[in-house]
Colleague: 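Got a structure for you, written out below as structure tokens; questions coming shortly.
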Amino acid sequence: MRKNIVAGNWKMNNSLNQTKTLIGDLIVELKGVELVNTRVIIAPSFVNLQEAIKGTENNEIEVVAQNMHYAENGAYTGEVSAEMLSSIGIKTVILGHSERRAYFNETDEILTQKVTAALANNLDVIFCFGEQLEDRESENHFNIVEAQLKNVLFELPTNAFKNIILAYEPVWAIGTGKTASADQAQEMHSFIRKTLSEKYNAELAESVSILYGGSVKPNNAEEIFSKPDVDGGLIGGASLKAKDFSAIVKAI
């Protein structure tokens with residue numbers, strides 16, 4: 001049975017003290033909440049990962065990384081390797097986020113190397129993908145999503161998907177004022193599952209958690225999460241407020 005997952009991507013936000021405070025507030029907000037078949041994940045900045053791990057000891061909140069380099073080591077100033085993440089207790093990394101693709105020119109080729117390196121180092125991967133506004137308006141969104149999946153993931157063996165979570169990001173619905181409906185989310189998630197089934201098999205397709213990353217908020221989370229192929233959310237801005245993020249967790 002696939003897991004429900006609510007993952008908060010903190011991006012380039014929160015100092016050390018703010019990180020500690022937000023984690024403390026989240027623990028309070030989620031106290032007594034029964035997380036049945038549900039994972040709660042936060043992704044602080046690199047510099048605060050170790051402190052976040054300490055702050056969530058003996059708690060069900062998981063700490064993951066926002067990114068990593070594909071090389072084991074070397075002259076890559078400012079980068080962080082899979083081994084470095086593993087060495088401080090990180091077990092999962094977000095790869096392919098739309099902002100990494102847009103601002104840092106991460107291509108499918110680069111992401112293939114990153115996913116391969118993460119899995120080789122026993123890290124689980126939250127793999128992000130999704131279409132731009134022009135793709136949606138030209139009705140090319142299904143082709144774009146299918147290509148992003150195929151180009152990066154479809155050379156992997158079946159058993160690799162035990163360590164992969166998918167996160168669909170309709171980039172056109174993030175911070176643009178445009179809104180994707182719950183039905184649009186379900187339509188794409190159903191397509192993703194069908195694509196996995198055709199490439200691999202139905203059993204694998206049904207086992208993979210697919211998160212929705214299109215501006216999930218407390219006021220729309222329950223409707224989005226009610227859809228049969230939506231297994232949770234990758235949350236941006238709302239994850240920076242303990243009450244909002246905990247409300248989204250409770251909605252699942």
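In this text, all values refer to a predicted model and were calculated from it rather than measured experimentally.
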Colleague: Test your reading of the model: is there a side-chain donor-acceptor pair from Thr21 to the backbone of Gln18, 3.5 Å cut-off?
Modeller: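 It does not hold such a pair.
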
Colleague: Start with the C-alpha gap between Met188 and Tyr212, add the side-chain angles, then the distance that decides, and say whether side-chain contact (heavy atoms from CB on, under 4.5 Å) holds.
Modeller: CA-CA 10 Å; Met188 182 58 84; Tyr212 179 69; over 6 Å; no

Colleague: Taking ring pair (Phe, Tyr, Trp, His ring centres under 6.0 Å) as the test, write out the residues that go with Tyr200, two or more places apart.
Modeller: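 Phe154, Phe161.
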
Colleague: May I ask you to decide if Pro170's main-chain N or O and Arg136's side chain share a donor-acceptor pair within less than 3.5 Å?
Modeller: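 The answer is no, because no donor-acceptor pair under 3.5 Å joins these two groups.
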
Colleague: Would you say the side chains of Glu131 and Tyr168 form a donor-acceptor pair under 3.5 Å?
Modeller: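 The answer is yes; a qualifying pair exists.
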
Colleague: How far does CD1 of Ile41 sit from CD1 of Ile235, to the nearest 0.5 angstrom?
Modeller: 11.0 Å

Colleague: Counting N and O atoms only, with roles assigned by atom type, does the side chain of Asn121 sit under 3.5 Å from a partner on the main chain of Ala118, one being a donor and the other an acceptor?
Modeller: no

Colleague: When you check the gap from the basic side-chain N to the acidic O, do Lys243 and Asp25 get nearer than 4.0 Å?
Modeller: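 Here Lys243 does not pair with Asp25 in a salt bridge, since their nearest N and O are not under 4.0 Å apart.
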
Colleague: Please answer: with hydrophobic residues joined when any side-chain heavy atoms are less than 4.5 Å apart, are Val64 and Leu123 in the same cluster?
Modeller: no

Colleague: Please confirm whether the backbone N or O of Trp10 pairs with a side-chain atom of Asn13, one donor and one acceptor, at under 3.5 Å?
Modeller: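 Between the backbone of Trp10 and the side chain of Asn13 there is a qualifying donor-acceptor contact (under 3.5 Å).
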
Colleague: Please determine whether the number of non-hydrogen atoms from other residues, nucleotides or ligands lying under 6.0 Å from atom CD of Glu134 exceeds 12.
Modeller: yes

Colleague: Could you walk me through whether Ile165 and Val125 pass the side-chain contact (heavy atoms from CB on, under 4.5 Å) test, one step at a time?
Modeller: CA-CA 6 Å; Ile165 299 160; Val125 172; over 6 Å; no

Colleague: What's the spacing between Phe129 CZ and Arg101 CZ if we round to 0.5 Å?
Modeller: 9.0 Å

Colleague: Is the backbone N or O of Leu204 less than 3.5 Å from a side-chain atom of Asn201, with the two atoms forming a donor-acceptor pair by type?
Modeller: yes

Colleague: What residues form a ring pair (Phe, Tyr, Trp, His ring centres under 6.0 Å) with Phe245, not counting sequence neighbours?
Modeller: none

Colleague: What do you reckon, is NZ of Lys241 surrounded by more than 12 foreign heavy atoms closer than 6.0 Å?
Modeller: no

Colleague: Decide if atom CD of Gln113 counts as having more than 12 heavy atoms of other residues, nucleotides or ligands within a radius under 6.0 Å.
Modeller: yes

Colleague: Do Val115 and Val145 land in one hydrophobic cluster if side-chain heavy atoms of ILVMFWY residues count as linked below 4.5 Å?
Modeller: yes

Colleague: Can any side-chain N or O of Thr56 pair as donor or acceptor with the backbone N or O of Asn59 at less than 3.5 Å?
Modeller: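 Not confirmed, Thr56 side chain does not pair with Asn59 backbone.
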
Colleague: How many angstroms lie between CG in Leu85 and NE2 in His69, if you round to the nearest 0.5 Å?
Modeller: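 Going from CG on Leu85 over to NE2 on His69, the span is 12.5 Å.
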
Colleague: How far apart are the closest heavy atoms of Phe46 and Ala65, and which atoms are they?
Modeller: CE2-CB, 4.2 Å

Colleague: State whether a side-chain donor-acceptor pair under 3.5 Å links Glu169 with His97.
Modeller: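 Checked: Glu169/His97 side chains pair up, N/O donor to acceptor below 3.5 Å.
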
Colleague: What closest approach, in Å, do Ile248 and Ala238 show between heavy atoms, and which atom pair accounts for it?
Modeller: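 Shortest heavy-atom separation between Ile248 and Ala238 comes out as CD1-CB, 3.8 Å.
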
Colleague: What's the separation between atom CD in Glu72 and atom CE in Met84, rounded to the nearest 0.5 Å?
Modeller: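 Here the interatomic distance stands at 11.0 Å.
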
Colleague: Mark yes or no for whether Glu51, through its side chain, and Thr19, through its backbone, hold a donor-acceptor pair below 3.5 Å.
Modeller: no

Colleague: Please report the shortest heavy-atom distance between Ala147 and Asp108, naming the atom on each side.
Modeller: O-OD2, 4.4 Å

Colleague: Once you round to the nearest 0.5 Å, how far does CG of Leu119 lie from CG of Leu95?
Modeller: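 Going from the CG atom of Leu119 to the CG atom of Leu95 covers 9.0 Å.
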
Colleague: Check whether more than 12 heavy atoms from other residues, nucleotides or ligands sit under 6.0 Å from atom CD of Glu60, and answer yes or no.
Modeller: no

Colleague: Let me know which of Val40, Val249, Ile42 forms a side chain to side chain contact (heavy atoms under 4.5 Å, CB included) with Leu26.
Modeller: Ile42

Colleague: Taking Ser197 for its side chain and Thr195 for its backbone only, find out whether a donor-acceptor pair lies under 3.5 Å.
Modeller: no

Colleague: Under the 3.5 angstrom rule, does the side chain of Thr116 hit a backbone N or O of Thr112 as a donor-acceptor pair?
Modeller: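 Indeed, once roles are kept as given, a pair shorter than 3.5 Å links the two residues.
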
Colleague: Cut-off 3.5 Å, side chains only: do Glu83 and Ser81 have a donor facing an acceptor?
Modeller: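 The answer is no; no qualifying pair exists.
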
Colleague: If you take all heavy atoms of Ser239 and Leu22, which pair is closest and at what distance?
Modeller: O-CD2, 3.8 Å

Colleague: Looking at Asp231 and Arg39, does any basic side-chain N land under 4.0 Å from a carboxylate oxygen?
Modeller: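 Not counted as a salt bridge, because no side-chain N and carboxylate O are separated by less than 4.0 Å.
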
Colleague: Salt bridge or not between Glu106 and Arg100? Use side-chain N to carboxylate O under 4.0 Å.
Modeller: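 Yes.
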
Colleague: With distance as the sole test, does Asn37 use its side chain to make a donor-acceptor pair with the main-chain N or O of Arg2 at under 3.5 Å?
Modeller: yes

Colleague: Are Glu62 and Lys91 ion-paired here, with the side-chain N under 4.0 Å from a carboxylate O?
Modeller: no

Colleague: Give the intermediate values and the outcome of side-chain contact (heavy atoms from CB on, under 4.5 Å) for residues Leu211 and Leu166.
Modeller: CA-CA 6 Å; Leu211 312 186; Leu166 299 180; over 6 Å; no

Colleague: Locate the shortest heavy-atom distance separating His189 from Asp229; write the atom from each residue and the value.
Modeller: ND1-O, 3.0 Å

Colleague: What's the spacing between Gln148 CD and Ile192 CD1 if we round to 0.5 Å?
Modeller: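 The distance works out to 9.5 Å.
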
Colleague: Verify the cluster assignment for Ile126 and Leu153: are they in a single hydrophobic cluster under the rule of side-chain heavy atoms below 4.5 Å apart?
Modeller: no

